[in-house]
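Along the sequence shown, residues are numbered consecutively beginning with 1.
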Amino acid sequence: QVQLVESGGRLVQAGDSLRLSCSASGRSISDYGMGWFRQAPGKDREFVAAISWNGGTTNYADSVKGRFTISRENAKKTVYVQMNSLKPEDTAVYYCAAESSPYTGWAPRNSLLYGYWGQGTQVTVSS
């Protein structure tokens with residue numbers, strides 16, 4: 001069993017930077033690809049960024065490419081997303097997730113390929 005807990009969300013101003021963390025407990029997530037997704041009020045959940053089990057592959061949504069960076073420290077059982085140049089449209093609840101299967105080598109964009117989810121952390125970007 002894998003438990004994921006996000007942290008770091010808060011109210012910031014446009015142009016600010018923020019780092020979100022996702023910490024895992026239970027069964028090790030070091031063998032799994034990890035992703036970040038977000039859901040804005042009244043909107044569907046959307047892909048943000050993902051990283052493969054060994055960090056060799058990353059993928060980003062076009063809307064965050066060049067501004068966000070995903071990374072992981074497997075020894076600490078933690079995944080991060082560094083968010084720079086934040087915009088009001090980045091306002092959302094951010095969720096981390098672990099792939100359903102280990103060692104795929106992929107960093108999927110499809111939320112259906114993730115089997116474990118955190119509770120979410122709120123990020124609000126003010127104009």
Side-chain angles (χ1 to χ4, degrees):
Q1 185 174 342
V2 176
Q3 296 88 41
L4 304 174
V5 179
E6 303 94 337
S7 63
R10 63 182 179 92
L11 172 66
V12 298
Q13 295 182 3
D16 284 353
S17 296
L18 194 62
R19 188 176 76 163
L20 305 182
S21 299
C22 175
S23 297
S25 62
R27 190 175 182 86
S28 177
I29 53 88
S30 62
D31 301 338
Y32 294 81
M34 298 290 295
W36 285 95
F37 296 79
R38 68 187 182 187
Q39 188 166 22
K43 304 292 178 60
D44 292 332
R45 186 182 300 169
E46 67 174 347
F47 170 77
V48 176
I51 186 168
S52 61
W53 73 275
N54 64 354
T57 301
T58 58
N59 281 307
Y60 296 93
D62 289 342
S63 60
V64 307
K65 191 174 299 182
R67 299 189 298 121
F68 290 12
T69 303
I70 189 170
S71 62
R72 66 191 303 163
E73 296 184 71
N74 285 342
K76 296 182 178 180
K77 303 177 71 174
T78 303
V79 179
Y80 308 95
V81 58
Q82 176 68 43
M83 307 186 296
N84 298 328
S85 301
L86 283 163
K87 306 174 181 179
E89 51 262 45
D90 295 319
T91 295
V93 177
Y94 283 71
Y95 300 89
C96 71
E99 278 190 288
S100 297
S101 300
Y103 300 117
T104 67
W106 295 100
R109 299 171 180 267
N110 188 347
S111 64
L112 296 178
L113 297 179
Y114 294 84
Y116 308 94
W117 294 82
Q119 84 290 344
T121 185
Q122 176 71 47
V123 173
T124 302
V125 184
S126 176
S127 299

Side-chain hydrophobic cluster, 4.5 Å single linkage: members besides Tyr80: none

Separation between OG1 of Thr58 and CZ of Phe68, rounded to the nearest 0.5 Å: 14.5 Å

Rounding to 0.5 Å, atoms CD (Gln82) and CG (Leu20) come to a distance of 9.0 Å

Expected output: side-chain [X] to main-chain [Y] donor-acceptor under 3.5 Å:
X	Y	answer
Glu6	Thr121	no
Thr124	Leu11	no
Gln39	Ala92	no
Thr91	Val125	yes

Testing the basics here: between Asn59 and Ala107, what is the closest heavy-atom pair and its distance to 0.1 Å? ND2-O, 2.8 Å

Ala14 and Ser127: which non-hydrogen atoms are nearest, and at how many Å? CB-CA, 4.5 Å

Pairwise side-chain hydrogen bond (donor to acceptor under 3.5 Å, both in side chains) hits with a residue in residues 10-22, at least two apart: Ser17-Asn84

Output every pair passing disulfide (SG to SG under 2.5 Å) with a member in residues 40-76, not counting sequence neighbours, ordered by first then second residue. none

State plainly whether one hydrophobic cluster holds both Val64 and Val12, where clusters connect Ile, Leu, Val, Met, Phe, Trp and Tyr through side-chain heavy atoms under 4.5 angstrom apart. yes

Can you list every ring pair (Phe, Tyr, Trp, His ring centres under 6.0 Å) pair that touches residues 22-57, not counting sequence neighbours? Phe37-Phe47, Phe37-Tyr114, Phe37-Trp117, Trp53-Tyr103

Who passes ring pair (Phe, Tyr, Trp, His ring centres under 6.0 Å) against Tyr60, sequence neighbours left out? none

By ring pair (Phe, Tyr, Trp, His ring centres under 6.0 Å) - contacts of Trp106 (at least two apart): none

Would you mind listing every salt bridge (charged side-chain N to carboxylate O under 4.0 Å, His left out) that reaches into residues 80-99, with sequence neighbours excluded? Arg38-Asp90, Arg67-Asp90

For Asn110, give me all partners under side-chain contact (heavy atoms from CB on, under 4.5 Å), at least two apart in sequence or on another chain. Leu112, Leu113

For Val93, what residues pass the side-chain contact (heavy atoms from CB on, under 4.5 Å) criterion, not counting sequence neighbours? Tyr95, Gln122

For [X], side-chain hydrogen bond (donor to acceptor under 3.5 Å, both in side chains) partners two or more places apart:
X	answer
Ser52	Asn54
Ser30	Ser28
Ser25	Gln3

Step-by-step side chain to side chain contact (heavy atoms under 4.5 Å, CB included) determination, Cys96 to Val79: CA-CA 8 Å; Cys96 71; Val79 179; 6.0 Å; no

Do Leu4 and Met34 pass the side chain to side chain contact (heavy atoms under 4.5 Å, CB included) test, and can you show the C-alpha distance, the side-chain angles, and the key distance before you say yes or no? CA-CA 11 Å; Leu4 304 174; Met34 298 290 295; 4.1 Å; yes

